[in-house]
Number of protein chains: 4
Amino acid sequence: MEISDDDRAEIEKSRREASPTRRPTVPALEELLFEPMPALDHGFVRVVDYMGDDSSIVQAARVSYGRGTRKVSEDSALIRYLLRHRHTTPFEMAEIKLHVKLPIFVARQWIRHRTASVNEYSARYSILDKEFYVPAKEHLAAQSSSNRQGRGETLDDERAAEVLEILRTDAETVYRHYLQMLGAGDDAGQDVGPGLARELARMNLSLNFYTQWYWKVDLHNFMNFLRLRADAHAQYEIRVYAERMLDVMKKWVPLSHAAFEEYDLKSAHLSATAIQVVRRMLAGERIDQPASGLPKREWDDLMRVLGR
Amino acid sequence: MEISDDDRAEIEKSRREASPTRRPTVPALEELLFEPMPALDHGFVRVVDYMGDDSSIVQAARVSYGRGTRKVSEDSALIRYLLRHRHTTPFEMAEIKLHVKLPIFVARQWIRHRTASVNEYSARYSILDKEFYVPAKEHLAAQSSSNRQGRGETLDDERAAEVLEILRTDAETVYRHYLQMLGAGDDAGQDVGPGLARELARMNLSLNFYTQWYWKVDLHNFMNFLRLRADAHAQYEIRVYAERMLDVMKKWVPLSHAAFEEYDLKSAHLSATAIQVVRRMLAGERIDQPASGLPKREWDDLMRVLGR
Amino acid sequence: MEISDDDRAEIEKSRREASPTRRPTVPALEELLFEPMPALDHGFVRVVDYMGDDSSIVQAARVSYGRGTRKVSEDSALIRYLLRHRHTTPFEMAEIKLHVKLPIFVARQWIRHRTASVNEYSARYSILDKEFYVPAKEHLAAQSSSNRQGRGETLDDERAAEVLEILRTDAETVYRHYLQMLGAGDDAGQDVGPGLARELARMNLSLNFYTQWYWKVDLHNFMNFLRLRADAHAQYEIRVYAERMLDVMKKWVPLSHAAFEEYDLKSAHLSATAIQVVRRMLAGERIDQPASGLPKREWDDLMRVLGR
Amino acid sequence: MEISDDDRAEIEKSRREASPTRRPTVPALEELLFEPMPALDHGFVRVVDYMGDDSSIVQAARVSYGRGTRKVSEDSALIRYLLRHRHTTPFEMAEIKLHVKLPIFVARQWIRHRTASVNEYSARYSILDKEFYVPAKEHLAAQSSSNRQGRGETLDDERAAEVLEILRTDAETVYRHYLQMLGAGDDAGQDVGPGLARELARMNLSLNFYTQWYWKVDLHNFMNFLRLRADAHAQYEIRVYAERMLDVMKKWVPLSHAAFEEYDLKSAHLSATAIQVVRRMLAGERIDQPASGLPKREWDDLMRVLGR
């Protein structure tokens, strides 16, 4: 991740400014504010604003006049109760705004979360920088043989080298041609003639080029995002971002974060049939998959939950 | 509007607390924070939190690293441009949270705005206070004869007195019975037996009783609310709230507020046919309604826009 | 539930009309179409339109050119897979539209589901009928002593009679005064003078009066509604509607309905701690609540899931 | 646009099937159902399902028991009234589902409309076809000199040829390498070794490759899409789709389409200042831009509206 000197100066300037506010304030998050947290080879997540804290959830749930907080233990119990019973509306009362730099193919997954606000850097309006994602060698995995939408073994060195060579060379090529079509000069800075409209030239760029956006979301929908994207089934490249964001959540709303781990991230869902299987096992019955009434995959998942 | 001593103390406590923050801060809105602004006879609006300011809109539109502000004139021009061209997403980047006390029939209109977050005081869980709306005499209007969904002349004194008497007496009665069913004791505090479930007893209350909620919305949807509810066609009782909120907007995001007045609140929409009428008028043609091709009501509206 | 002769004639007329369509069609739901299904004393749910069937979910998940169906067993397996893994977007591809008549206090809970389209009968524009909800005696429950937001024992006969008397008398009174304020004549039909605006007069009605609306929602959000409102913790009066809607779902999309029961309605959620408790129990450890690390209420819930 | 024989057979099969339904049915749209309408060089829009017609809007606005239709003229007047006064909720009561094939860079604009349901063909799961967009020569425009986000003059022949050569060659290259990384064999069908995960390989494809999705939206949000994307300021490549969809709308809901043209597509918005300018002009004053108080661009736009 490189930040230009100008951008770095802007960030520092924002970090130096402080004003008094009557609003709920989270010192641990203030500390983090505006600072880019690296993700992938050129990407980042940085928190640019936030509204509310754990007490704001409590306050809204109680529709109270003051800050709503009583003892930490009471607030924590209420937050746990709300999350456990999927009383999700109070979690909409806290809000966070991120500036994210991410490859376009990651952005395409991310944008599927509709209950957020987005402003993306416009390639109709501006020229994209020459920044594209190339995976680290250890993340170059073969197609999974068991899961049609996942990764299997890491590629061997020779195959990996070939892939990296392709990714790099093609990205260099399409970017050089992008500039050439724009008439923006090539790498060497030569002008190459009247320019194709930016909104057209961009179509030559590949999906690993970086874009960036402002993304604002409430805590409820932030958790929905994390549930799906910090999950082991999510594509590695978006999971990296989700993990940064989990760190942010822990600093921002620690009580909610703990409850989220307990009742969501590390929880399990048992189907009606799986409940019966567990009951029979607890009654001492020895059951195997065919006897369980569960399809193979659901059986495997259940055994994993039960630590067997 | 009465605020209990306890609630007043909570408010004062919140107002005394101040923390340093790196976030965009609006002194004029800080001044207002937590303070209830009266609306109708017992209602209020109070701002309990906010995120962002005019510069946040500019910053998101530019996807910039720093605060995004340049000269005020440039920021203002960008905001005007965005609003004029209905580039609404940057306005989603500012957020406000209100605590509102309002009659249930107003709440039922308000809640139709779906793109907001709401936590309402629960009458399944708690007992509602004895507070109901009774219009001031000058707002007791007869059904409009021309508009099936509006008000006409103010009622004469005798009729008004009769209506006020009904509203007061019935509200007193249903509330007394509400308490009686709850077994919560009547006004005189006598216990009247084992209580009906709160979730059932509440059904006896009438729609002019007050409820309260936390309501959080982004600036884009805040403006959508104001466009509809600060409008002359809105019911007076919700317009009172919308007007308070317009005042809040002016303090919070003055550049956006000015642009909103120019391109929205005080603007006009001309239909395809109305455009032709104006062109013909400018060409010197004398036109009356039949010749205009506009239905009577559209003609009248156009004449009003044109100041004729 | 009474339907006027005019309304009944309209319904019959709609039911007689049939057109050929190339769209997915569900005979079992066609059979039900337009017919009001009673709910509470004067309410109903009736299906007025729908889009798609089980195959539409499959088709969208596969982004296929044809109807998408293969063998029923394959479709069923895919639908189960999607629901189990919370791949919810294909379920948004089926849509249903209901006409519902319901007490206002139920409507106030219902409207909290924001991802639906609603058109409500307007009491600004029209005069509401004299129809209000009075619970059957067996549903008159006392406030729960254990659950601040629920019902406990049924009231004894004397207390119940008192409550019913209050509900009936007050509703009669406020409605009579509503008409009187409107100048619409009282029950006896006498005109009582110039009328108060309808938008004002309605505030005198109580929350058990019936309103009605058109409500349209996709299958994903329909299931979200049912998960919360067909649940044992939902207030009885809205649960009645949810149960009618579950019947509708079973006829409309039987494969999805079966999967919804298996993975949702009859499933259970285990917290991180609860998973550890089950593992220890399966390993033969004898655990009681204090040893479990679970709060009392979570322990009770877990024991219920495990059938202990 | 090429449709494979298999896909064509599926389409024909769907078109042959017909069932009787009691639902509102639109013969003109049935005629179109499932048939791909070409857009750009390889894309298409095809209607795969719909719910409701003009009468459904009327029916919801009236919350009526029957179909809601009276005379066409009354229905039309009501629809015009609703659209004119931005009473948008009844338009949510009609729904349409499309299958769309479109370049990824167009999909990226399209997806910004959040109030729709989408299922996209997954390149994590499947291998994309070798289909990419190359503009027709007459659409190869230079960057606009006046509008930073638009097109200016068409490129001259030599420059155009160069651009087309780049777009074609690069797309061929990245696709060949995509297959090579997948180990899926190159064009000549030779197997080239163990395959990179599909979710990774896809990042080498450029933004002009085609994707496809199911997209479902209600009529209100369909119109919002058309307002923005059928507009002259929209990028040509998405406008092509919007224009096909306008044709669909005209067949589906002709009364709404006519009202949409009158009050939206062909209407104009006058700012507060612009209203004053028109009033002064009508009063006979001769005004030029400096005297108008309007910025240059707003003045030009107003003169265009006024046909001057």
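Keep in mind that what you see is a predicted model, and the values were worked out from it rather than measured. Here is the naming used below: chain letters follow the sequence lines, and residue numbers restart at 1 for every chain.
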Engineer: Against chain C, label B:A116 side chain, backbone, both or neither, depending on which of its atoms sit under 4.5 Å from a heavy atom there.
Structural biologist: backbone
Engineer: Can a salt bridge be assigned to the pair B:E120 and C:R112 using a cut-off of 4.0 Å between side-chain N and carboxylate O?
Structural biologist: no
Engineer: Which bit of B:R198 comes within less than 4.5 Å of chain C, counting heavy atoms only: side chain, backbone, both or neither?
Structural biologist: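 Contact with chain C involves both backbone and side-chain atoms of B:R198.
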Engineer: In the structure I gave you, are the side-chain heavy atoms of C:M181 and B:L167 within less than 4.5 Å of one another anywhere?
Structural biologist: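 Result yes, sub-4.5 Å side-chain heavy-atom pair found.
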Engineer: Around B:R297, counting heavy atoms of other residues, nucleotides and ligands shown, do more than 12 lie under 6.0 Å from its CZ?
Structural biologist: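 Count not over threshold, so no.
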Engineer: Can you confirm whether B:Q180 sits close enough to C:I166 that some side-chain heavy atom of one is under 4.5 Å from a side-chain heavy atom of the other?
Structural biologist: yes
Engineer: From C:L205 CG over to B:N208 CG, what is the distance, rounded to the nearest 0.5 angstrom?
Structural biologist: 10.0 Å
Engineer: If you count heavy-atom pairs within less than 4.5 Å of chain C, which of B:Q235, B:H177, B:R202 leads?
Structural biologist: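 Going by pairs under 4.5 Å, I would pick B:Q235.
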Engineer: Between CE of C:M203 and CZ of B:F209, what distance do you get to the nearest 0.5 Å?
Structural biologist: 12.0 Å
Engineer: Measure across B:G150 and C:A197 and return the closest heavy-atom pair with its distance rounded to 0.1 Å.
Structural biologist: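 Closest approach of B:G150 to C:A197: O-CB, 4.2 Å.
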Engineer: Show the nearest heavy-atom pair for residues B:A107 and C:R108, with the distance to one decimal.
Structural biologist: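 What the structure gives for the nearest pair is CB-NH1, 4.2 Å.
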Engineer: Heavy atoms only: give me the nearest B:V174-C:D170 pair and the separation to one decimal.
Structural biologist: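 Heavy atoms of B:V174 and C:D170 come nearest at CA-OD2, 3.8 Å.
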Engineer: When you look at CD of C:E158, are more than 12 heavy atoms from neighbouring residues, nucleotides or ligands closer to it than 6.0 Å?
Structural biologist: no
Engineer: Kindly say whether B:L200 contributes a backbone atom to a donor-acceptor pair with the side chain of C:R151 at under 3.5 angstrom?
Structural biologist: no
Engineer: Using a cut-off of under 4.5 Å on heavy-atom pairs, state which of C:T169, C:T173, C:V118 scores highest against chain B.
Structural biologist: C:V118
Engineer: So what's closer than 4.5 Å to chain C heavy atoms on B:T154: side chain, backbone, both or neither?
Structural biologist: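 Contact with chain C is absent: no heavy atom of B:T154 under 4.5 Å.
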Engineer: To the nearest 0.5 angstrom, please state how far the OH atom of B:Y178 sits from the OG atom of C:S206.
Structural biologist: 13.5 Å
Engineer: Given side chains that start at C-beta, do those of B:L140 and C:L196 come closer than 4.5 Å, heavy atoms only?
Structural biologist: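 B:L140 vs C:L196: side chains touch.
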Engineer: Can you confirm whether B:N204 sits close enough to C:L207 that some side-chain heavy atom of one is under 4.5 Å from a side-chain heavy atom of the other?
Structural biologist: no
Engineer: For the residue pair B:R159 and C:L182, what are the closest heavy atoms and their distance?
Structural biologist: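 Heavy atoms of B:R159 and C:L182 come nearest at NH2-C, 4.4 Å.
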Engineer: Name the region of B:Y133, side chain, backbone, both or neither, that has any atom closer than 4.5 Å to a heavy atom of chain C.
Structural biologist: both
Engineer: Please look at B:E153 and chain C and tell me whether the side chain, the backbone, both or neither of the residue comes under 4.5 angstrom of a heavy atom of that chain.
Structural biologist: neither
Engineer: Which atoms of C:E237 come close to chain B, meaning under 4.5 Å heavy atom to heavy atom: side chain ones, backbone ones, both, or neither?
Structural biologist: side chain
Engineer: Heavy-atom distances under 4.5 Å only: say whether B:V106 touches chain C with side chain, backbone, both or neither.
Structural biologist: neither
Engineer: Over all heavy atoms of both residues, which pair between B:Y236 and C:E199 is shortest? Give the atoms and the distance, please.
Structural biologist: N-OE2, 4.4 Å
Engineer: For B:P135, which atoms come within 4.5 Å of any heavy atom of chain C: side chain, backbone, both, or neither?
Structural biologist: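 Only the side chain of B:P135 comes within 4.5 Å of chain C.
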